[in-house]
Amino acid sequence: MKRNISALFTWFKNGLVEVVQKFPLEVTLTIYSTVIAIIASETNDDNLSSRVLLLPLFFIITLFFNIFTFKRKFRFLYWLSIIPIIPLSIWGGEPEWVKTFQFWGTTIAFAPLLLFLSKRYVDNKSLVKYIFSLITSVFSGLIMAFIAYGLFCALFYSTVYIFKFDGEWTSNVQTYAFIITTTFLTPILFLMFFEKTGDKAIVSNRFFEILLNYIVTPALLIYIIILYVYIVKIIIIWELPSGGLANMVFTFVLSAMIVKAIQLILAKPIYTWFFNRMSWYVCPIIILFWIGASRRVIEYGFTEWRYVMMVCGIVMTLYLILFSKKKWAHYFYVLIASLFITTLVCYVPVLNPKTVSVQSQMNRVINVANQLNCINDEGKLINNLPENIDSIALVKYKQLYQSVLYLSMNDSTAFRKFGLDKSDDLLNGFTENQRQYIRYYHKKIISTAKDDIHMFLPSNSCINMNGNYVKLYTKIVKSDEAPVYRYANDSIYIYNSPDTNLVWKTSKNELLIKQLDKAKYDITLDKKPSEEQILSMLEIDELPVRIILKNLKLTYDENTNQWTIKDLSIENVMIKELTTDSRL
């Protein structure tokens with residue numbers, strides 16, 4: 001046990017010495033990043049925290065120059081590559097830049113692609129071995145570093161628990177340990193593994209072959225069969241593929257590309273018949289991708305993710321074209337093309353995903369608003385809801401809201417050009433059901449109808465009396481034997497019980513029109529009635545009766561696009577002295 005621990009420390013010490021000798025600037029950056037991260041943790045300085053995020057980018061670029069200029073005349077470029085850290089230390093614009101696509105595109109795509117090209121391998125097998133050497137070194141470093149971190153935390157907190165240590169310093173120790181693990185130990189271990197293995201990191205073994213030959217590749221073949229069946233389906237029923245299918249196809253083709261590359265380092269690849277002709281097998285699927293992606297963009301416009309997916313689709317298509325011919329089939333060409341496209345997307349302003357997406361959504365707002373006639377000559381959105389909005393218009397408003405919401409979240413300047421303070425201003429005038437449909441991504445319209453309106457007679461209501469009433473019916477209940485009122489065939493009937501003489505009747509539509517006019521309540525504005533309007537709606541005063549309603553329920557009929565009385569109940573009925581002329 002003691003010998004094993006001693007050997008581990010010796011390995012780490014010797015490896016660290018070699019890393020310092022061969023990667024001096026990279027080690028300097030890791031020490032610098034560790035110090036900056038600890039200071040940022042103590043001071044809560046946003047500039048320093050953002051600077052820590054920039055250091056992996058500089059680490060990769062410095063490593064690229066180290067490998068690219070090794071034993072070459074322009075080795076001095078490696079020593080100059082650390083110079084940008086000086087203005088970085090006094091800049092101050094890091095917090096904003098690390099939020100941009102330019103930063104993340106550079107860190108995640110541009111810098112790694114540059115590193116993959118650092119040895120200038122054109123031969124596919126050598127390039128693939130080198131790339132996977134880098135990748136396995138990264139994962140080996142991460143795994144080793146976090147195993148060490150986990151063991152340290154276990155020992156430290158066991159000690160804290162046993163000896164009952166207390167105080168904030170315990171959490172500070174864990175924070176410092178995590179910072180040291182991520183900013184120092186992980187990159188140092190990565191460099192140690194990379195320096196030891198070089199291009200020999202990927203060595204085919206039984207586990208690796210079983211994983212690729214009997215699990216991953218069969219799954220890809222099953223997936224391609226599923227996609228082919230789907231293609232047959234859409235040809236038979238003659239419909240466009242779903243827009244979301246583009247994400248699935250992209251994931252499949254990317255996975256197939258990676259597995260195809262790994263075939264070069266397998267000792268016994270058994271699916272060469274498929275991967276040698278993969279470009280032709282995948283051709284119908286890539287067509288499916290472009291149809292689905294184009295449909296998605298036509299329906300919803302560009303977002304940053306859709307734009308990036310389309311750019312990746314270009315690289316993916318280029319890859320399949322190059323590998324359709326043996327003499328063109330070089331990963332080096334694919335990496336060069338990817339690097340060129342990434343440079344354009346990250347650093348040419350008009351091709352920046354955010355610029356393209358914002359302009360696309362602005363155009364979509366204008367187009368949809370013109371269709372809905374809710375934009376004025378100055379380009380401001382106006383509330384111009386039709387009296388009876390149908391489901392087609394509601395779908396258009398959903399599209400309009402989605403684009404307006406995107407602009408409000410991604411470009412406040414572009415958003416305010418349309419005269420809105422917030423995206424929900426667009427929902428004014430809609431019912432709650434309609435707002436729910438417009439605001440959220442429901443596949444079906446919840447309801448195109450307006451919300452029902454309920455009116456109830458308030459407690460202790462005061463009704464002014466006039467005229468001579470000879471009868472007052474109160475606590476009225478429905479009765480077939482001696483009814484006071486009957487509500488049937490879309491009409492209301494009032495009887496002089498118990499004689500059951502009909503004294504008054506009206507249709508519910510006529511009654512609604514009269515009551516709305518009397519109460520001066522504009523029901524089309526989708527506003528709740530005031531208490532005064534409710535009392536007026538619940539009082540019916542027509543010779544020879546005066547009726548006080550207990551409640552009244554109005555509903556919107558989608559078939560006729562009109563408001564109607566859905567239900568009512570009567571509290572009191574007063575009947576005036578009847579003459580022969582006043583009887584019905």
Side-chain angles (χ1 to χ4, degrees), residues 1-20 23-60 62-63 85 88-89 94-95 98-99 103-104 107-108 112 133-197 201 207 211:
M1 178 70 177
K2 183 178 179 181
R3 184 177 299 175
N4 290 337
I5 295 175
S6 177
L8 180 63
F9 276 104
T10 302
W11 172 83
F12 183 78
K13 182 187 71 173
N14 294 336
L16 186 59
V17 170
E18 290 184 13
V19 163
V20 171
F23 305 98
L25 294 186
E26 292 86 340
V27 173
T28 302
L29 276 173
T30 60
I31 295 171
Y32 176 77
S33 64
T34 303
V35 173
I36 292 296
I38 291 174
I39 295 173
S41 173
E42 289 295 323
T43 60
N44 294 319
D45 189 322
D46 289 340
N47 287 341
L48 290 178
S49 299
S50 302
R51 198 169 298 161
V52 173
L53 292 176
L54 290 175
L55 288 167
L57 172 60
F58 281 91
F59 181 89
I60 297 172
T62 303
L63 182 59
I85 202 170
L88 173 68
S89 301
E94 307 95 323
V98 296
K99 298 175 185 176
F103 166 73
W104 290 106
T107 304
I108 296 173
S133 169
L134 288 167
I135 293 172
T136 53
S137 295
V138 168
F139 281 103
S140 298
L142 278 169
I143 292 169
M144 288 288 289
F146 277 91
I147 287 175
Y149 172 72
L151 291 173
F152 170 79
C153 288
L155 293 171
F156 175 71
Y157 279 106
S158 296
T159 304
V160 168
Y161 178 78
I162 291 171
F163 295 101
K164 302 187 184 305
F165 294 137
D166 196 10
E168 291 186 7
W169 68 272
T170 56
S171 60
N172 290 339
V173 168
Q174 183 182 358
T175 301
Y176 296 149
F178 181 79
I179 290 173
I180 292 170
T181 300
T182 53
T183 61
F184 180 77
L185 189 57
T186 298
I188 291 297
L189 286 171
F190 156 72
L191 292 172
M192 289 172 63
F193 281 111
F194 178 63
E195 192 276 329
K196 289 290 184 184
T197 56
F207 171 79
L211 179 66

Please round to the nearest 0.5 Å and tell me the distance separating atom [atom1] of [X] and atom [atom2] of [Y].
| X | Y | atom1 | atom2 | value |
| --- | --- | --- | --- | --- |
| Ser33 | Ile179 | OG | CD1 | 10.0 Å |
| Phe59 | Phe23 | CZ | CZ | 8.0 Å |
| Leu29 | Phe184 | CG | CZ | 12.5 Å |
| Leu57 | Thr62 | CG | OG1 | 9.0 Å |
| Ile38 | Thr43 | CD1 | OG1 | 11.5 Å |
| Leu185 | Ile180 | CG | CD1 | 9.0 Å |

Listed by chain and number, what are the salt bridge (Lys or Arg N to Asp or Glu O under 4.0 Å) partners of Glu18, not counting sequence neighbours?
Lys196
Scan the side chains in residues 145-157 for donor-acceptor partners under 3.5 Å anywhere in the protein, sequence neighbours excluded, and list what turns up.
{"unit_1": "Tyr149", "atom_1": "OH", "unit_2": "Gln174", "atom_2": "NE2", "d": "3.3"}
{"unit_1": "Tyr157", "atom_1": "OH", "unit_2": "Gln174", "atom_2": "OE1", "d": "2.6"}

Run the side chain to side chain contact (heavy atoms under 4.5 Å, CB included) test against Phe165 and tell me which residues pass, sequence neighbours left out.
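Listed in chain order: Thr159, Val160, Phe163, Trp169.
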Ala40: side chain to side chain contact (heavy atoms under 4.5 Å, CB included) partners, not counting sequence neighbours
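Partners of Ala40 under the side chain to side chain contact (heavy atoms under 4.5 Å, CB included) test: Leu48, Ser49.
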In a check of side chain to side chain contact (heavy atoms under 4.5 Å, CB included) between Thr186 and each of Ile143, Thr30, Leu191, Leu142, which one passes?
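Of the listed options, the one satisfying the test is Leu142.
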Whether over 12 other heavy atoms sit under 6.0 Å from Phe178 CZ:
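It does not: Phe178 CZ has 12 such atoms or fewer within range.
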Determine yes or no for a side-chain-to-main-chain donor-acceptor pair under 3.5 angstrom, with Ser140 supplying the side chain and Thr136 the backbone.
yes
Has the side chain of Trp104 got a donor or acceptor atom that lies under 3.5 Å from a matching backbone atom of Val98?
yes
Verdict with supporting geometry, Phe194 and Ser133, side chain to side chain contact (heavy atoms under 4.5 Å, CB included):
CA-CA 7 Å; Phe194 178 63; Ser133 169; 3.8 Å; yes
Run the numbers on Phe193 and Val138 for side chain to side chain contact (heavy atoms under 4.5 Å, CB included), then give the verdict.
CA-CA 8 Å; Phe193 281 111; Val138 168; over 6 Å; no
Partner residues of Glu42 under the side-chain hydrogen bond (donor to acceptor under 3.5 Å, both in side chains) criterion, sequence neighbours left out
Tyr176
Tell me, please, which residues at least two apart from Thr34 pass side-chain hydrogen bond (donor to acceptor under 3.5 Å, both in side chains).
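Per chain and number, Thr34 pairs via side-chain hydrogen bond (donor to acceptor under 3.5 Å, both in side chains) with Thr183.
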Return the minimal non-hydrogen interatomic distance between Leu63 and Glu26, and the atom names on each side.
CA-OE2, 3.3 Å
Heavy-atom closest pair, residues Thr107 and Ile60:
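In terms of heavy atoms, the two residues are closest at O-CD1, 4.4 Å.
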Less than 4.5 Å apart, side chain to side chain, heavy atoms only: is that true for Tyr32 and Arg51?
yes
